[in-house]
Amino acid sequence: PPAGPALVLPPGAVPVMNCRAEVLEVSVEGRQVEEAMLAVLHTVLLHRSTGKFHYKKEGTYSIGTVGTQDVDCDFIDFAYVRVSSEELDRALRKAVGEFKDALRSSGSDGMGQISLEFYQKKKSRWPFSDECIPWELWTIKVNVVNLANEQERQICREKVGEKLCEKIINIVEVMNRHEYLPKMPTQSEVDNVFDTSLKDVQPYLYKISYQITDSLGTSVTTTMRRLIKDTLAL
Amino acid sequence: AMDTDLSSQDRKDLDKFIKFFALKTVQVIVQARLGEKICTRSSSSPTGSDWFNLAIKDIPEVTHEAKKALAGQLPAVGRSMCVEISLKTSEGDSMELEIWCLEMNEKCDKEIKVSYTVYNRLSLLLKSLLAITRVTPAYRLSRKQGHEYVILYRIYFGEVQLSGLGEGFQTVRVGTVGTPVGTITLSCAYRINLAFMSTRQFERTPPIMGIIIDHFVDRPYPSSSPMHPCNYRAGEDSGAVYPSVEDSQEVCTTSFSTSPPSQCVFTVTKAHFQTPSPVVTDTLKVPVMGLAFSHQLSSSRLSYQPAALGVGSADMGYPVLFAGGLNAAHPHQLIGPGKEGGVPPVPSQPAHGTQADQERMCTPLDGVHYSAATPSSSEDTETVSNSSEGKCGSPHDLLETIFIRKVGAFVNKPINQVTMANLDIPFAMFAPKNVELEDNDPMVNPPDSPETESPLQGSLHSEGSSGSSTGNTHDDFVMIDFKPAFSKDDILPMDLGTFYREFQNPPQLSSLSIDIGAQSMAEDLDSLPEKLAVHEKNVKEFDAFVETLQ
């Protein structure tokens, strides 16, 4: 006898994988944008990076070692841990720098969001191009505030520091749910799951994009896709 | 838990994983409280010795203590491994800050693959631990340790004891990993208010005054180099174990920016205590020294303001030594290898187990020596016996201290002295500066949150001013304002409230004082018609001049 309701799909339908989405919001002063974004992005990538895989015969592999280091913020009373990889740090700084510049030059109220998306590549047969299927999406909504005097700035340093502590705790909570993670790939599939271009660590495939919101709440800047991949490919 | 489904190899692996996970957990926590930035390298080729694919150093002393506490057992239901982090001041008072708990519950996940999934999830959990250890309040305190206080750790195994954390402690969960024999959980309970507990919760150990005072007397203040690290010497017997830091470990130093020192010395607010009957003379000396100590501290901080460096302990390379061999019940002082900005890395230590040639790890500081405490050292036995006597400790006598306000230019008459009462209160350096005003400052405390009246406000107002709704229990409490480590000068805070209060009654400008002022005013008035006449005569010139400006 049947155990329970079965999922019946119409012919040709393909089940779409759900992409887990998390949203964080921060209000920061202009000069804090970069450090706040780096803190969040690095914390996520710390959890989403492994050591380099070394495949051996018979389909087994060994994993390299991930080092970590403390980073102190200059404009926020805050410190965070990141993966010890200069390449990764450079890539994130580049993306965050562009986001910050876009925020500044947009002339809007200083609202925008930066997204970190983890995806898997699915090879398609010719003539179709490979699909990118996201499986986790982190969005950080940023609201830039302007402060009038040094006293307010000092308080902002502390408050933003406390807020970021909360965000780190939130991120760790999500990570701890042990929800979907791509299956560990075979050697031929590893580039569909991981970014193997860095020399010392191996994050899951990711891309960073951002949007600036104008005062009407609509996004005016086109997203930048594959920013990091292109940078690393050079 | 039934583990008949688990193969014996899997069971062995699982036990090994849990054991090494526990040891690595302790390393991460203790290293995060050393007061230094931690930095390890990634390595693409697996070395085979990096558990959970993470580069986490093993400080031998810490591993030794952890193994001792575990005594061959693993965390199980009702048997948790706890790492207690506490703070100890230079005057000997200590306070528990955090308890990190590695626990096991009965919820089993039979389906999970030990060698693969459990291992990777344990790795993820260690990463979460790395992140979380930086966001609890004790992290910033530990980065600032060295002068007024040090951070200690203690490992115990058994039942979790949270009573030392004070009221209202908070808990943060680091994460959980299900295994076929139970679910591992890792969490941290931490004190949120540094409000002072009653004296019976202190351990009054002999103050380490000599060392601290010597620091400030002997320490040189070259304008461009950081302070020298402390020296410590090997203990009397070979029981002392020292941290071995591999050459490859990069220790990152920080530089902080501080605001320039302002003119007022910090103030200490008065608080009421229910004090036990005073103990005799030698303890009465303590407050005086404590006062001298704190004054020296502020003056030394003031003079030590080189442009590029701040007052955090990390950039001064303040070392955190490891005290070897203390028994499990007593907190361990966390001290690590000293370094300064330009000093070459610590010489590599001999292989584990050879202690005969343990040389000094730091450059000597004139006349200052730390002794690593060992079970046989006299300091230790003193400590143990003192703590076993009553903890009534020392009296909290009121002492006068004098704060001299510097006089600005053009001031009519100098303000002589503002006398305030000071107390020998433990954790005096944490005492807030005019938190009352800060509480009234809408920028700090928005007015529309009446429910969140913290014990902070209650105890401050215990002097009799209005606002306290928390009753007499808070008379025992002293407000300690927690200032973050690397944001600003903690000795001379100048928040709006303090600034306002300090400068709300500036001395009169001499030109505004009555006699002189009246005279010149009269003269001015008399000369006005004359001046007006002159100006009228030259009005054309003035107009031409204005034209040129437009």
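Residue numbers start from 1 in every chain, and the chains themselves are labelled A, B, ... in the order their sequence lines are given, proteins ahead of strands. Keep in mind that this is a model prediction, so the values were computed, not measured.
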Completion exercise
When the 4.5 angstrom heavy-atom criterion is applied to A:His178 and chain B, the contacting part is both

Handout entry: Structural part of A:Val66 lying under 4.5 Å from a heavy atom of chain B
Key = both

May I ask you to test the [X]-[Y] pair for a side-chain heavy-atom distance under 4.5 Å?
{"X": "A:Asn176", "Y": "B:Thr176", "value": "yes"}
{"X": "A:Tyr80", "Y": "B:Val135", "value": "no"}
{"X": "A:His47", "Y": "B:Ser128", "value": "yes"}

Please report the interatomic distance [atom1]([X]) to [atom2]([Y]), rounded to the nearest 0.5 Å.
{"X": "B:Ser45", "Y": "A:Lys52", "atom1": "OG", "atom2": "NZ", "value": "10.5 Å"}
{"X": "A:Arg48", "Y": "B:Leu124", "atom1": "CZ", "atom2": "CG", "value": "6.5 Å"}
{"X": "B:Lys127", "Y": "A:Leu45", "atom1": "NZ", "atom2": "CG", "value": "10.0 Å"}

Exercise for the section: Would you check if the side chain of A:Asp70 reaches a backbone N or O of B:Ile38 as a donor-acceptor pair within less than 3.5 Å? Expected result: yes

Problem - Expected output: side-chain B:Ser42 to main-chain A:Gly67 donor-acceptor under 3.5 Å - result: yes

Minimum-distance pair of heavy atoms, taken over all atoms of [X] and [Y]:
{"X": "A:Asp72", "Y": "B:Arg143", "answer": "OD2-NH2, 2.7 Å"}
{"X": "A:Thr65", "Y": "B:Ala55", "answer": "CG2-N, 3.4 Å"}
{"X": "B:Asn53", "Y": "A:Ile63", "answer": "ND2-O, 3.5 Å"}
{"X": "B:Arg140", "Y": "A:Cys165", "answer": "NH2-SG, 3.7 Å"}

Problem - For chain A, the option from B:Thr133, B:Leu54, B:Asn120, B:Val172 that forms the most heavy-atom pairs under 4.5 Å - result: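 Top option by heavy-atom pairs under 4.5 Å: B:Leu54.
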
Do you know which of [options] has the most heavy-atom pairs under 4.5 Å to chain B?
{"options": "A:Val172, A:Leu164, A:Asp200, A:Val201", "result": "A:Val172"}
{"options": "A:Ile169, A:Val83, A:Thr43", "result": "A:Ile169"}
{"options": "A:Leu46, A:Ile168, A:Thr68, A:Val81", "result": "A:Thr68"}
{"options": "A:Glu150, A:Glu173, A:His54, A:Met175", "result": "A:His54"}
{"options": "A:Gly64, A:Ser62, A:Gly51", "result": "A:Gly64"}

Practice task
With a 4.5 angstrom heavy-atom cut-off, could you sort out which part of B:Tyr116 is near chain A: side chain, backbone, both or neither?
Solution key: side chain

